[in-house]
Amino acid sequence: MTANTNYPDNITALYARLSQEDALDGESNSIANQKKILMKFATDSGFPNLTFSSTTVFPG
């Protein structure tokens, strides 16, 4: 059974967060790498309707 068998109309939200250490490099490879890993996992697991978002907000 795959994840979309029971809920084909659902949206799968994928989220990545840029660490403060990676902020020195701008958006850096951190977000790109997290997105790649999340997208592969969700696709391989059969999750439907993938959406991706990320943040780069740091505590003041």
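The figures that follow rest on heavy atoms only: side chains count, while hydrogens, waters and symmetry mates do not.
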Where Arg17 and Gln34 come nearest, the two heavy atoms and their spacing
O-NE2, 3.2 Å
Give me the atom names and distance for the closest heavy-atom approach of Ile31 to Ser54.
CD1-CB, 3.8 Å
Checking Ser53 now: which residues fulfil side-chain contact (heavy atoms from CB on, under 4.5 Å) with it, not counting sequence neighbours?
Tyr15
Taking salt bridge (Lys or Arg N to Asp or Glu O under 4.0 Å) as the cut-off, I'd like each qualifying pair that reaches into residues 42-53, sequence neighbours left out, listed once.
Lys40-Asp44
Contacts of type side-chain contact (heavy atoms from CB on, under 4.5 Å), residue Leu50, not counting sequence neighbours:
Thr12, Leu14, Met39, Ala42, Thr43, Phe47
